[in-house]
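See structure below.
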Amino acid sequence: MEYNFKEIENKWQALWQERGTYKVDVDNSRPKFYVLDMFPYPSGAGLHVGHPLGYIASDIYSRYKRLCSYNVLHPMGYDAFGLPAEQYAIQTGQHPAVTTENNIARYRSQLDKIGFSYDWDREVRTCDPGYYKWTQWAFLKMFGHYYDRTEDKAMPIENLIARFEKSGTEGVDAACTTEMTFTAEEWAAMDEARREEVLQNYRLAFRADTMVNWCAGLGTVLANDEVKDGLSVRGGFPVEQKRMKQWLLRVTAYAERLLKGLDTLEWSDSLKEIQRNWIGQSTGAQMFFDVADSPLKLEIFTTRPDTIFGVTFMVVAPEHKDLMTLTSDEQRAAVEEYIEQTKKRSERERIAETRRVSGVFTGSYAVNPFTDKKIPIYVSDYVLAGYGTGAIMAVPAHDSRDYAFAKHFGLEIIPVVEGGDISVESYDAKSGNMINSGFITGKDVKEAIPMMFDEVERRGLGHKQVNYRLRDAIFSRQRYWGEPFPIYYKNDIAYPVDESKLPVELPAVANFTPTESGEPPLARVEGWEYETSTMPGFAGSSAYYLRYMDPTNDQALVSREANDYWRNVDLYVGGIEHATGHLIYSRFWNKFLFDLGCVCEDEPFKKLVNQGMIQGRSNFVYRIKGTNKYVSVGLKDQYDTQEIHVDVNIVKNDVLDLDAFRGWMPEFKDAEFVLEDGKYICGWAIEKMSKSMYNVVNPDYIVEQYGADTLRMYEIFLGPLEQSKPWDTNGIDGVHKFLRRFWRMFQDKEGGFAVSNEAATPAELKTLHKTIKKVTDDIENFSFNTAVSAFMICLNELGGCNKREVLEPLTVLIASFAPHIAEELWSEALGHEGSVFDAAMPKFNPDHLVENSFEYPVSVNGKLRFKKQIALGLSPKEVEAEVLADPAAEKWLEGKPVRKVIVVPGKIVNIVI
RNA sequence: GCGGAUAUGGUGUAAUUGGUAGCCACGUCAGACUUAGGAUCUGAUGCCGAGAGGCGUGGGGGUUCGAGUCCCUUUAUCCGCACCA
């Protein structure tokens, strides 16, 4: 009986569905384990062979945990709202609701073919009203809360109002956009509009007039993580800075907790580092500089208060709030022109011209509080309005940007730290002795910094301050395909929709295209009485892992019972591209819900594994220029050729199928070839997998040709999970061959299933238990590629062994990787009823590994070494004699039977007991 | 510029974590069987050399009895941040 993977896979996929094999529920008698994949955007292109890698890895782990008798939650859903889905709809001229539905159906059929263990009863779609009700609900909660720094958590906005009524801002320490001070009387005197304006300064979801990333190509604003190098991540359209009134989430309120929480997570160091950089914490001093002949004080932020004796000028950002006040009449025209110029420069230009020095003197002077010298105040766009206070104290001797600026404008440069040569360049290092610096002269920089913090505070010049690079997330999009805001307006005051009225459903419209002006599509809907922007893509994906726990609950996002049991995600598998987007927002969202007492864990994703990207491997043919003749790669240098991508599906092991090539496209119909060794060998290169490079491999095709089990095992056999690597269909035969061999082990010579009940030999048991140990260790370490190797070694060693005692545990062991074949063999060849996944993971028994090596202490040449055993220039026999005569070794070996002493000449000693 | 990662045969990779580098596959070569096939099985396969032997983990240095692994330095590639004070 041949290994008919098609029949087996269809049979078991149907049976799993019929029996509800992967359905899970809260079961307090068993420990839970939650394995989550980052749910996909159902794009129009469908899955290519790279997409399922992470799903396969998490599926292996889920099945393994289940075999270890955990109650495993392993759900799947669709991130269906947002730009990608909408862009696809616009491109194809169909309604996003229709394309989304179609794309989901296609994804589902592709996923089903691979044989995943998802509990599809728990599927969520972010575009379902029943789902986005809870996205809107969370938004309302954020609207109704502020972040209290004293309590270090989110608190109801009513508490803040009560405090304002009682004592104004006195004693209030809350996260806000701009610091405010007012009394209870002043609060009482405010009208409703003014009060709401004040509250928006504190709400965790708030509306503000701020500089935003405006993308005309997409017709919407974007969050910082959706912009890269001045271009939109989706579509690559230019992005400009524009002042607009937008909804934002006060993510910055959680900056410190987001940073600290990282230490508790089992994430890769590189991913944690990306998040740390994104949050960008820096400790420094917030200080006030007096402005000469003015009541104004200039507030700055610096991480190097030690260099204050070297401050020779100040710089403010073009958008600085006090700039016009600082500007003298003589300089007014020049400054105004500079501001105008800055506005015109796009984000891209600013990035491109990073090192170009520009700026204008404001006409005012500040006073250096430590030297009492008058120093000029400049405006320049190298100072950013959005970071710190939008103003800096410039220390040209020790900051390369200040240095360039000082050189350009001929300003004084005073060195205050020893080291470097400031006639050539600034000395930026944070080490060396202070010079020219009054009371800190002679101190090291590391000592001087804390001394200056103290001195600044003692003199009342300012205080120590922690700053973050992280910005509040822009939360509105001028697009159609997203969650509507549960907000309506009266006299431009925002009011929340009552919770009982949720969800506010997205209206069906015929025209959903964005507009150039930024007027959202919903503004065209007659009778639409709510906010016309919609929420961004990350809104729906921020709490989906909670919804899987209790997907149909219409009373709560997740019930207390379900959340108490499933808690948070034990293993999260997905791409690293979400490091600064989804993975920050989700953590923020979860921490907020945690503060409210809605969820029981502070962090959503305990362990996270980033699968590497699977790239394409393109093939090329070489056309001799001006002809229809193609030359094999080894001979191409003898001709003047042109490289042409050729479909990888008509190439096998880099050998071109000539007939298939002639039939591929009309222009190749009469192609002629210059062969080498009778073959046409193609060139190859690693590139992104994309249609235009003809290197896309569809998983459906692989499943058709080799079966899902082969696809699953081959994907992970390609290399380490976390590493990026190219897909190469060559080589898949090795894995397929392995599965066929495994299948044949259960058969007799006539080809019928027959397993022997004969007892296994010690050698067979040794192989089996070595494999159990290796494979379970490898799964725990996500080293799936080496686990597959271990299976292959196992079969090589077992030869034709067909004993039940060996095959039965092997079948369970392999079931996580190749579930279909395991199920079939489990029931048909081994005669079990029910699923192999109701069995238990085979237990490793070290007794079967007869030979064990141990380290032991030994003295050689008078030196006692405990770590490893060393023999210097001795023959094996001499070492053996010496080792056995060694009192330390003797003591260590006491009572242990010595089987063998292994000596690698002159090098190693191992004792086998 | 700052931060992170990677570098091993023709190819993908492995290495008990400092102990005989190249496991397992692909490919290639040779052989067996054969209904001639993209089936199955067996063997060989890092490089140089006829051989003994020598050389070999991007380059250079170091620690060590011993380094793919640790340290310093350098190069290349990829990723993240980027005028962040």
Side-chain angles (χ1 to χ4, degrees), chain A residues 2 228-229 268-278 280-282 284-285 300-304 307 315 317 350-351 353-357 380-384 386-395 398-402 404-405 428 467-471 576-577 579-580 612-613 615 617 652-655 657 684 705 714 717-720 722-738 740-741 744 774 777 783 785-796 853 855 860-861 863 865 867-874 902-910:
Chain A
E2 270 301 294
K228 212 186 155 226
D229 298 331
S268 71
D269 290 340
S270 62
L271 179 54
K272 286 188 190 179
E273 204 53 33
I274 290 172
Q275 287 215 342
R276 283 194 193 103
N277 290 343
W278 187 259
Q281 186 186 57
S282 61
I300 60 101
F301 175 76
T302 181
T303 53
R304 294 292 303 273
T307 60
V315 187
R350 276 178 83 148
I351 290 166
E353 298 166 18
T354 288
R355 294 284 159 199
R356 198 189 71 172
V357 178
S380 173
D381 65 4
Y382 86 85
V383 174
L384 305 176
Y387 184 77
T389 63
I392 61 156
M393 62 176 217
V395 187
H398 305 290
D399 182 290
S400 52
R401 295 150 305 175
D402 297 345
F405 195 86
D428 295 13
N467 262 353
Y468 296 93
R469 201 197 69 102
L470 185 73
R471 305 297 158 84
I576 194 141
E577 65 272 17
T580 56
M613 206 150 40
Q615 298 138 307
R617 186 180 188 277
K652 171 111 183 163
N653 286 328
D654 293 336
V655 177
D657 180 333
W684 61 272
Q705 297 290 308
Y714 187 56
F717 182 65
L718 277 174
E722 309 209 4
Q723 193 174 298
S724 283
K725 58 234 161 198
W727 175 268
D728 185 359
T729 307
N730 303 328
I732 198 168
D733 286 338
V735 170
H736 193 58
K737 209 188 289 182
F738 160 79
R740 278 202 308 258
R741 280 176 70 189
R744 274 204 306 274
K774 174 79 176 142
D777 284 356
S783 178
N785 54 326
T786 53
V788 175
S789 293
F791 279 121
M792 292 177 172
I793 295 168
C794 178
L795 254 57
N796 288 346
S853 300
E855 290 178 11
V860 172
N861 291 1
K863 278 196 255 175
R865 294 173 187 269
K867 197 161 183 242
K868 288 286 170 186
Q869 300 73 55
I870 294 154
L872 283 167
L874 301 176
I902 301 173
V903 178
V904 175
K907 286 184 181 171
I908 308 158
V909 183
N910 252 320

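Keep in mind that the numbers below use all heavy atoms, side chains included, and drop hydrogens, waters and symmetry copies. Throughout, protein chains are lettered first and strands after them, A, B, ... in sequence-line order, and every chain is numbered starting at 1. This one's a predicted model, so the numbers in the text were calculated from it and none came from an experiment.
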Suppose you measure atom [atom1] in [N] against the same atom in [M]; what distance do you get, rounded to whole Å?
| N | M | atom1 | answer |
| --- | --- | --- | --- |
| G68(B) | G60(B) | P | 13 Å |
| U73(B) | A25(B) | C1' | 37 Å |
| G46(B) | C26(B) | C1' | 16 Å |
| A76(B) | G58(B) | P | 16 Å |
| G9(B) | A44(B) | P | 23 Å |
| U11(B) | U35(B) | P | 39 Å |
| A67(B) | C78(B) | P | 33 Å |

Trp278(A) ring center near Tyr468(A) ring center (under 6.0 Å): no
Nucleotide nearest Trp278(A) (side chain, heavy atoms from C-beta), chosen from C41(B), A85(B), C81(B): C81(B)
Options G4(B), G80(B), C24(B), nucleotide nearest the side-chain atoms of Ile274(A):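 The listed nucleotide nearest to Ile274(A)'s side chain is G80(B).
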Could you check which nucleotide pairs with [N] in any of the strands shown, counting Watson-Crick or G-U wobble with both distances under 3.5 Å?
| N | value |
| --- | --- |
| C81(B) | G1(B) |
| G68(B) | none |
| G37(B) | none |
| A7(B) | U75(B) |
| U16(B) | none |
| U42(B) | A30(B) |

Salt-bridge contact Asp733(A)-Arg740(A) (side-chain N to carboxylate O under 4.0 Å): no
Salt-bridge present (Asp269(A), Arg276(A); N to O < 4.0 Å): no
If I take atom [atom1] in residue [X] and atom [atom2] in nucleotide [N], what distance separates them, rounded to the nearest angstrom?
| X | N | atom1 | atom2 | value |
| --- | --- | --- | --- | --- |
| Ile793(A) | U16(B) | CD1 | C1' | 13 Å |
| Arg469(A) | G80(B) | CZ | P | 13 Å |
| Glu722(A) | G4(B) | CD | C1' | 13 Å |
| Lys737(A) | U42(B) | NZ | C1' | 12 Å |
| Tyr387(A) | A85(B) | OH | P | 4 Å |
| Asn730(A) | G38(B) | CG | C1' | 12 Å |

G27(B) phosphate, OP1 or OP2, under 4.0 Å from Lys652(A) side-chain N/O: no
Annotated protein contacts, base or backbone, on nucleotides 32-37 of chain B with a non-hydrogen cut-off under 4.0 Å, one of B, S, - each: ------
Whether Tyr382(A) and Phe405(A) hold their rings parallel, tilted or perpendicular, with breakpoints at 30° and 60°: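 Ring orientation of Tyr382(A) relative to Phe405(A): tilted.
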RNA chain B: 5'-proximal contact among Lys774(A) and Arg617(A) (nearest heavy atom): Arg617(A)
Residues which pass side-chain contact (heavy atoms from CB on, under 4.5 Å) with Ser724(A), listed by chain and number, not counting sequence neighbours: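 Applying side-chain contact (heavy atoms from CB on, under 4.5 Å) to Ser724(A) gives Met613(A), Gln615(A).
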